[in-house]
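Worksheet for the structure shown next.
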Amino acid sequence: METRYIKTHRSRDLKRSTLVVAKEILKRLEKQSGTKMGTLYEEIKKQNNIQEMDFVYALNFLYILGQIR
């Protein structure tokens with residue numbers, strides 16, 4: 001994974017950054033273990049106005065760190 005996906009940029013909404021989306025994923029998985037990824041994506045999409053690729057980058061990031069399997 002390239003570092004450009006982890007860095008934030010002044011022209012990009014901070015709520016869509018990989019780190020923020022990853023934090024939301026972990027927070028929701030702690031509360032709702034066994035939740036389907038599609039449901040999780042829809043919930044975070046409504047809250048943070050993210051795109052599908054933002055969610056995928058966050059999932060990849062968490063997988064690489066060993067936080068999800």
Side-chain angles (χ1 to χ4, degrees):
M1 184 170 169
E2 296 180 26
T3 57
R4 67 181 176 156
Y5 300 124
I6 298 172
K7 292 180 183 178
T8 58
H9 191 272
R10 66 177 175 256
S11 67
R12 185 178 168 131
D13 185 11
L14 188 59
K15 288 183 177 184
R16 292 182 51 206
S17 78
T18 302
L19 297 175
V20 172
V21 176
K23 177 185 162 227
E24 283 295 322
I25 291 170
L26 288 176
K27 183 172 79 171
R28 290 173 188 272
L29 284 175
E30 284 179 7
K31 292 179 183 176
Q32 311 164 359
S33 64
T35 303
K36 294 182 180 181
M37 286 297 134
T39 305
L40 199 62
Y41 167 66
E42 290 298 327
E43 291 175 1
I44 296 172
K45 179 181 176 182
K46 287 179 188 175
Q47 179 182 349
N48 291 16
N49 195 29
I50 64 170
Q51 296 176 355
E52 189 173 353
M53 287 310 297
D54 300 324
F55 188 76
V56 172
Y57 292 149
L59 284 178
N60 288 339
F61 178 69
L62 291 171
Y63 182 77
I64 289 169
L65 292 178
Q67 297 297 309
I68 59 174
R69 294 187 260 153

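Keep in mind the model is a prediction, meaning the values are calculated, not measured.
Sorted by first and then second residue, the ring pair (Phe, Tyr, Trp, His ring centres under 6.0 Å) pairs with a member in residues 13-40 form an empty list; sequence neighbours excluded. Listed by first and then second residue, the ring pair (Phe, Tyr, Trp, His ring centres under 6.0 Å) pairs involving residues 15-50 are Tyr41-Phe55 (not counting sequence neighbours).
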List the atom pairs, donor and acceptor, that lie under 3.5 Å between side-chain atoms in residues 33-40 and the rest of the protein, sequence neighbours left out.
from	atom 1	to	atom 2	distance (Å)
Thr35	OG1	Gln32	O	2.5
Thr35	OG1	Gln32	OE1	3.4

Can I get a per-line list of side-chain donor-acceptor pairs under 3.5 Å for residues 23-30, giving both atom names and the distance, sequence neighbours left out?
from	atom 1	to	atom 2	distance (Å)
Glu24	OE2	Lys27	NZ	3.4
Arg28	NH1	Glu43	OE1	3.1
Arg28	NH2	Gln47	OE1	2.3

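In terms of heavy atoms, Ala58 sits closest to Ala22 at CB-N, 3.7 Å. The minimum heavy-atom distance linking Lys15 with Asn48 is given by the pair O-ND2, 3.4 Å.
In this structure, Met53 is not a member of the same hydrophobic cluster as Val21, with clusters built from ILVMFWY side-chain heavy atoms closer than 4.5 Å. Linking ILVMFWY side-chain heavy atoms closer than 4.5 Å, directly or via other members, places Ile50 and Tyr57 in two distinct hydrophobic clusters.
Going from atom CZ of Phe61 over to atom OG of Ser17 covers 9.5 Å, rounded to the nearest 0.5 Å.
For Asp54 (side chain) and Gln51 (main-chain N/O), a donor-acceptor pair under 3.5 Å exists by modelled atom type.
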